[in-house]
Amino acid sequence: MSEDRIAAPGTAEADWAGWLPGQDWPAWTVDPAWTRVAVCAAHPDDEVLGAGGVMALLARAGVQLDLVAATDGEASHPGSTVLSPAELAAARVVETEDALIELGVPARITRLRLPDSGLAAREDELTERLTAAVAGCDAVLAPWVGDAHPDHEAVGRAAGAAGETLGVPVWQYPVWTWHWAGPGDPRVPWSAAHRVDLPRAVRAAKRAAVARFATQVHPLGPGAADRVVLPADVLAHFDRDLEVLLR
Ligand SMILES: [Zn+2]
């Protein structure tokens, strides 16, 4: 199962750091014709981890950002003795708002409030509501359809369908891919990759934004069900001076 790739030990960031700079990918740039771009996320933090730098660059270029949040992330700590799913969701919604402030991104947020870990089972509804939410945007960002998390893949597929229906380009951002894949991994369509170089200030803003997801970057408590979701070795993939978009 694809989730096994997420649970298994991952690739060290040092391995990526030795490979990424040598890739001759075209640079992604903000299209001056864009006035409004939608960023779709399965869980609160996907958008910042995978495309926080892109969002900051868009905002700095004067582009209005619309965040479409498929779930509130209530399933990150099943069995937690510290936070109930409802408390977790409430905390994660606030974390996202704080992270967007750190990024300097005044996004309008549409919350679909679909079930965390249950998006693939509600994909028709997800696609319909996501399409309505991104209508009028000039481009759409979404998790990569091959990211190996079923929710990420469902949002990626829904965004792809929305892009087809509306006739707008969809750029996909990898998240868990950086953990389970490795340099040159044949499961990743590197020929579709574009590099996004992050200026120092944007990288610093992204780092501050990621730190706002306290329920994900720290343990909730000492119990096994409260363990950290994004440990330091995973977080290292999101502290680079570049992001990668697939299209
Ligand atoms: Zn996620």
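Order of appearance sets the numbers: ligands from 1, and atoms from 1 within every ligand.
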Fill in: With sequence neighbours excluded, residues passing salt bridge (Lys or Arg N to Asp or Glu O under 4.0 Å) with Asp233
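Expected list: none.
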Discussion item. Test of understanding: with salt bridge (Lys or Arg N to Asp or Glu O under 4.0 Å), list the residues that count as partners of Glu102, not counting sequence neighbours.
Written reply: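 Checked Glu102 against salt bridge (Lys or Arg N to Asp or Glu O under 4.0 Å); matches are Arg212.
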Worksheet item: How many protein atoms of type N/O/S are positioned less than 2.8 Å from the Zn ion (ligand 1)?
Response: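 Of the protein's nitrogen, oxygen and sulfur atoms, 3 lie under 2.8 Å from the Zn ion (ligand 1).
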Worksheet item: Does NZ or CZ of Arg195 fall inside the cone over Trp25's six-membered ring, less than 6.0 Å from its centre and within 45° of the axis?
Response: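 So Arg195 doesn't make the cation-pi contact.
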Name each donor-acceptor pair under 3.5 Å that joins a side chain in residues 62-69 to protein atoms two or more places apart or in another chain, with its distance.
from  : atom 1 : to     : atom 2 : distance (Å)
Gln64 : NE2    : Asp66  : OD1    : 3.4
Asp66 : OD1    : Arg108 : NE     : 3.3
Asp66 : OD1    : Arg108 : NH2    : 3.3
Asp66 : OD2    : Arg36  : NE     : 2.9
Asp66 : OD2    : Arg36  : NH2    : 2.7

Worksheet item: Can you tell me if Thr96 and Asp45 form a side-chain donor-acceptor pair at under 3.5 Å?
Response: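 On atom types as modelled, these side chains do not qualify, holding no pair under 3.5 Å.
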Practice prompt. Check whether the side chains of Asp226 and His77 place a donor and an acceptor atom closer than 3.5 Å, and report yes or no.
Written response: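 Short answer, no.
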